[in-house]
Structure formats: structure tokens, C-alpha cells
Amino acid sequence: MADLDDPKAALHHYLQATRDDLIWKLDGLSEREARLPRTATGNNLLGVLKHCLNVEAGYFGPTFGREFPTPEELVPMQAFEEDPQADWYAREDETKDGLIDLYRRVGVFADQTIEQLPLDAPGRVSWWRPGGQVVTLRRIIVHVTCDLARHAGHADIMREQHDSAIGLRRENTNVPHDYDWPVYVTKLTKLADRFE
């Protein structure tokens, strides 16, 4: 267990927990189920994971002068000129298991950046606006963790809509067990119906 009183260890711990949560939301899904759009804008569970792995590779790589060992596996920046959603879906030649493996390797790569540099290590985010591109490792860990947590929330809802799989994480759902969800939903619906 990480020493959560140590700032770097605590930041790293929560980043890793969020990664694990994203991967967990794909457990047991077929290729089709993982890729199937779940929102009007095409959000899908595998696309969320692919986006997040590209986010991490960028922020913990070029920002600190490092390059992922196999950059051809990532979505290149120029791909976004043709399709701004290029990292939000798995191509036909990509698989769920392959992208999960890639995400784990990106995590190892990002962890190396975190382990090798102090929290105040300077970096530069070239795709941010001029004047705001200079950052520290601390800021990037917080930024990426917040970004991933937001997408983990998307994944939570998409997975719940798919098969009612819910919870914070596999070993601790943080959700009441044996709760009568239909009665609860009916209660909330009746309450909402009192308003316009």
C-alpha cells in the first residue's frame, strides 16, 4: 500500500485507481458491446479507454521530453485534422484486449515519468495555448487524474445502462447491496413528477 501521506505517492495512487476503474468497466464485454455507441455523440466504453490511453501517453511523454516506445500504436496528432474524434473509437484492426494491453503499457510508461521526476519537474504542453504551456509534473498528474476520473464517470453510466453493472471498483462497489432499485427509481420519478 502506498504511503498516502506522501504527496507524490498519493497522487500516483489515485491515478492508478482511476486507470483500474476504466479497465474494469470493460470486463466481460464482447467486442461489439465494448464498441457500441451508448450516447447521441457516439461515446462507447472502448473509445473512452482509447482516448484515456492517448491522453496519458501525451501528457507523460512529450510534455516531459519522452516518447512512448511504440508511437505508431498511438493516435498521431495529424489524425485529428482529418477526424477530431480519432481517439474516441477503436478501429477495425484494434481489439478490446489489444487496447487494454496498450493502456497498461502506457500506464507503465507514465509511471516511469512519475517515478523518475520530482513533482516540481518542469514540462511543456505544446498543444495548450501560448502563455499557459509550462507545467510541473504535479500539475500534470492532477490534470490527467481529473480527466480520467471524468471519463471513468462516463464509463460508469454507460456500463450501468448496458447491463446494470455498477460500483466504484470491483472490490468495493460503494453501492448498497440488496437494495430495491426499481422502488427507489419509482420514488425518485414520483418526486420529480411533482415539478415542471
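- Connection of L191 to V185 is not established within any shared hydrophobic cluster, with ILVMFWY side chains joined at heavy-atom distances below 4.5 Å, either directly or through further cluster members.
- When atom types are taken as modelled, the side chain of Q16 and the backbone of H13 share no donor-acceptor pair closer than 3.5 angstrom.
- Under the 4.5 Å side-chain heavy-atom criterion for grouping Ile, Leu, Val, Met, Phe, Trp and Tyr, V142 is connected to L22 within one hydrophobic cluster.
- Summarising the geometry, atom OG1 belonging to T136 is positioned 7.5 Å from atom CG belonging to L119; distances are rounded to the nearest 0.5 Å.
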Report the C-alpha separation of R104 and V108 in whole Å, then their side-chain angles, then the decisive distance to 0.1 Å, and conclude whether the side chain to side chain contact (heavy atoms under 4.5 Å, CB included) test is met. CA-CA 6 Å; R104 287 188 172 122; V108 169; 5.9 Å; no
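- Taking all atoms of both residues into account, the shortest heavy-atom contact from R129 to Q133 is O-CG, 3.3 Å.
- Using a distance-only test at 3.5 Å, with no hydrogens or angles considered, no donor-acceptor pair links the side chain of E94 to the main chain of L99.
- The distance from atom CG of N44 to atom OG1 of T39, rounded to the nearest 0.5 Å, is 8.5 Å.
- When side chains are defined from C-beta on, R105 counts as touching T70, because their heavy atoms get closer than 4.5 Å.
- The shortest distance between side-chain heavy atoms of T189 and D193 falls below 4.5 Å.
- Taking CG of D101 as the start and CD of E73 as the end, the distance is 8.0 Å to the nearest 0.5 Å.
- Between F64 and P122 the shortest heavy-atom distance is CD2-O, 3.5 Å.
- The two atoms that bring F60 and L137 nearest to each other are CE2-CD1, 4.0 Å, heavy atoms only.
- Cluster membership for L36 and W24, using ILVMFWY side-chain heavy atoms within less than 4.5 angstrom, is not shared.
- In this structure the side chain of E31 reaches within 4.5 angstrom of the side chain of R35, judged on heavy atoms.
- Across all their heavy atoms, V106 and L53 have their closest contact at CG1-O, 3.4 Å.
- By the 6.0 Å contact criterion, CD on E72 is enclosed, its count of non-hydrogen atoms from other residues, nucleotides or ligands being greater than 12.
- Under a hydrophobic clustering in which Ile, Leu, Val, Met, Phe, Trp and Tyr are joined whenever their side-chain heavy atoms come within less than 4.5 Å, directly or via other members, L29 and V48 fall into the same cluster.
- Although no hydrogens or angles enter the test, the distance criterion places a donor-acceptor pair under 3.5 Å between the side chain of T95 and the main chain of G98.
- Counting only residues at least two apart or on different chains, the ring pair (Phe, Tyr, Trp, His ring centres under 6.0 Å) pairs with a member in residues 131-153 are H51-H151, Y59-H143, W88-H151, W128-H143, H151-H154.
- Stacking of R66 on the aromatic ring of F109 is recorded, both the 6.0 Å distance cut-off and the 45° axial limit being met.
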Evaluate the criterion side chain to side chain contact (heavy atoms under 4.5 Å, CB included) for residue pair N43 and M158; output intermediate values, then yes/no. CA-CA 8 Å; N43 278 325; M158 289 188 284; 3.8 Å; yes
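- Closest of all the heavy-atom pairs between A9 and D3 is CB-O, 3.3 Å.
- Ion pairing between a basic and an acidic side chain is recognised when a charged N comes within 4.0 Å of a carboxylate O; R159 and D21 show no such pairing.
- Summarising the geometry, atom NZ belonging to K25 is positioned 15.5 Å from atom CG belonging to L46; distances are rounded to the nearest 0.5 Å.
- We find that R91 and D93 are joined by a salt bridge, their nearest charged nitrogen and carboxylate oxygen being less than 4.0 Å apart.
- When all heavy atoms of A149 and T18 are compared, the pair lying nearest together is N-CG2, 3.5 Å.
- Side chain of R124 to main chain of V135: no donor-acceptor pair is present (N/O by atom type, distance under 3.5 Å, no hydrogens or angles).
- The structure places CZ of R19 at 4.0 Å from CD of E56, a figure rounded to the nearest 0.5 Å.
- Separating the NZ atom in K50 from the SG atom in C52 is a distance of 13.0 Å, to the nearest 0.5 Å.
- Atom OH of Y184 has 12 or fewer neighbouring heavy atoms from other residues, nucleotides or ligands inside a 6.0 Å radius.
- In terms of hydrophobic clustering, with Ile, Leu, Val, Met, Phe, Trp and Tyr side chains grouped at heavy-atom distances under 4.5 Å, Y89 and I23 are assigned to different clusters.
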Begin with the C-alpha distance, continue with both residues' side-chain angles, and end with the deciding distance and a verdict on side chain to side chain contact (heavy atoms under 4.5 Å, CB included) for V144 and L148. CA-CA 6 Å; V144 170; L148 298 187; 4.0 Å; yes
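- The local environment of CD in E115 is crowded, with over 12 non-hydrogen atoms from other residues, nucleotides or ligands closer than 6.0 Å.
- For the residue pair N54/Y103, the side-chain donor-acceptor check at 3.5 Å is not satisfied.
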